[in-house]
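Some notes on the structure that comes next.
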Amino acid sequence: MTDTSYQTYEKDARWTAVDHYATRHLDQSNSFSAALQYAKDVPAREGLPNIEVSQMQGKFLAAQCQLINAKHILEVGTLGAYSTIWLASTAPDVKVTTIEINPKHKEVAERVIKNAGLEHQIEVLLGAGVDALPKLRAEVEAGTRPKFDFTFIDADKPNNLAYFNEAVLMSRSRACVIVDNVVRKGALADAEAAKFDDKVRGSRDVVEAVGRDTRVLQSTLLQTVGEKNYDGFLVVVIK
Ligand code: DHB
Ligand code: MG
């Protein structure tokens, strides 16, 4: 029988306590601290869904960008630009291109970005990933836009694989692609759940395709717990 005990997993007080502890000790305040707080508060006040990455996850993404000295960053799924601010804050010469389907989210994101003083580093494109990404790719292929060093995929989950494939086609050698929310409280490992949950299906599609993809140099799946519950990142390095 299929084990569906993941469905009962809920936020654990220890995970939240450790996130708070880590924040107290590791939140070296930087010039973006106030802007990051604004990027949490304003979208929440505007009624955007509370599904942005946690602070420690934002710092993880920023650390990956700094490790590979990423200058051209792609994000699919802007929401209120919280992760976008983390990505753009990694160096003053970083450029982030981020795609958002919802005009209201884009408007809030642009306010948040302006408040951070990052409007010259961040371009928010309005549209569905499946429309915007091929247009971007045409520019990359025409040489009018540089290849990306780092991509964060954090949008509608059923399209994870389509977004991954587009990202690979726009990636430089040794670029990193990270996909958010693939673990889904453990449902990832449940083939039955994939039959009725298209977000689980989309997560399994991308994980399984990455495993077969000869363009991939390295891949791992990092399970995470914390104030955002039990989830995880798919982390991929492109050949
Ligand atoms: C969902 C999407 C997210 O990007 C996230 O971080 C958490 C949950 C969702 O659609 O369920
Ligand atoms: Mg997410």
Side-chain angles (χ1 to χ4, degrees), residues 4 6-12 15-16 19 36 39-44 46-65 73-88 96-102 104-106 108-109 112 124-125 127-130 132-133 150-164 166-167 176-190 193-207 210 220-236:
T4 54
Y6 65 85
Q7 290 164 339
T8 64
Y9 289 171
E10 288 302 335
K11 268 189 204 176
D12 184 306
W15 308 344
T16 307
D19 256 346
L36 285 159
K40 279 256 179 231
D41 294 345
V42 170
E46 295 282 351
L48 272 60
N50 175 30
I51 54 170
E52 76 280 5
V53 298
S54 71
Q55 184 182 35
M56 287 300 131
Q57 289 171 346
K59 285 163 73 73
F60 169 78
L61 297 174
Q64 302 311 302
C65 291
I73 298 175
L74 174 63
E75 180 180 59
V76 189
T78 316
L79 193 63
Y82 180 73
S83 49
T84 323
I85 303 281
W86 273 113
L87 296 169
V96 181
T97 305
T98 183
I99 299 168
E100 175 53 49
I101 192 170
N102 184 315
K104 159 90 184 194
H105 296 179
K106 177 177 186 275
V108 173
V112 161
V124 187
L125 303 178
V130 289
L133 288 167
F150 183 92
T151 299
F152 182 48
I153 297 173
D154 189 19
D156 52 314
K157 312 311 175 190
N159 282 317
N160 270 341
L161 178 55
Y163 299 157
F164 175 79
E166 284 292 340
C176 178
V177 180
I178 295 186
V179 186
D180 198 20
N181 311 116
V182 294
V183 173
R184 314 204 69 80
K185 299 183 185 173
L188 178 70
D190 184 347
K195 291 182 184 160
F196 56 85
D197 185 334
D198 60 1
K199 294 183 179 182
V200 176
R201 176 78 258 145
S203 298
R204 287 171 67 93
D205 283 349
V206 70
V207 170
V210 163
T220 188
L221 191 149
L222 209 56
Q223 301 191 67
T224 59
V225 295
E227 60 193 5
K228 293 288 175 169
N229 214 320
Y230 169 34
D231 215 324
F233 293 118
L234 174 62
V235 179
V236 184

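Since the model is a prediction, treat every value here as computed from it, not as a measurement. All ligand and atom numbering here is 1-based and tracks the order in the structure.
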Checklist entry - Just checking, is any N or O donor in the side chain of E227 or S54 under 3.5 Å from an acceptor N or O on the other one? => result no
Checklist entry - Quick one: which ligand 1 atoms are inside 4.0 Å of a heavy atom on N181? => result 2 (C), 3 (C), 4 (O), 5 (C), 6 (O), 7 (C)
Checklist entry - Between E100 and T78, is there a donor-acceptor pair closer than 3.5 Å when you use the side chain of the first and the backbone of the second? => result yes
Next on the checklist: Test your reading of the model: is there a side-chain donor-acceptor pair from R201 to the backbone of A194, 3.5 Å cut-off?
Outcome noted: no
Checklist entry - Can you list the ligand 1 atoms lying under 4.0 Å from a non-hydrogen atom of D180? => result 6 (O)
Item to check | Exam field: side chain D231 to backbone R184, donor-acceptor pair closer than 3.5 Å | outcome: yes
Next on the checklist: Between N50 and K228, do the side chains contain a donor N or O and an acceptor N or O under 3.5 Å apart?
Outcome noted: yes
Checklist entry - Polar-atom distance check: R184 versus ligand 1, any N or O pair below 3.5 Å? => result yes
Checklist outcome for this item: The N/O/S atom of D154 lying closest to the Mg ion (ligand 2) is OD1
Item to check | Backbone or side-chain N/O/S of S83 under 2.8 Å of the Mg ion (ligand 2) | outcome: no
Next on the checklist: Here's a test for you: under side chain to side chain contact (heavy atoms under 4.5 Å, CB included), which of V179, T224, D154 qualifies with F233?
Outcome noted: T224
Checklist entry - Which of the numbered atoms in ligand 1 are below 4.0 angstrom from a heavy atom of K157? => result 2 (C), 3 (C), 4 (O)
Item to check | E52 and ligand 1 - part of the residue with a heavy-atom distance under 4.0 Å | outcome: neither
Next on the checklist: Give me the nearest non-hydrogen protein atom to atom 9 (C) of ligand 1 as residue plus atom name, then the distance to 0.1 Å.
Outcome noted: K199 NZ, 3.2 Å
Item to check | Residue E52, metal the Mg ion (ligand 2), N/O/S under 2.8 Å | outcome: no
Checklist outcome for this item: Closest to the Mg ion (ligand 2), among the N/O/S atoms of D180, is atom OD2
Checklist entry - For the side chain of D156 and the backbone of P158, is there at least one donor-acceptor N/O pair under 3.5 Å apart? => result no
Item to check | Side-chain donor/acceptor of K157 to backbone N/O of A155, under 3.5 Å | outcome: yes
Checklist outcome for this item: Closest heavy-atom approach to atom 4 (O) of ligand 1 among I51, D197, D154 is made by D154
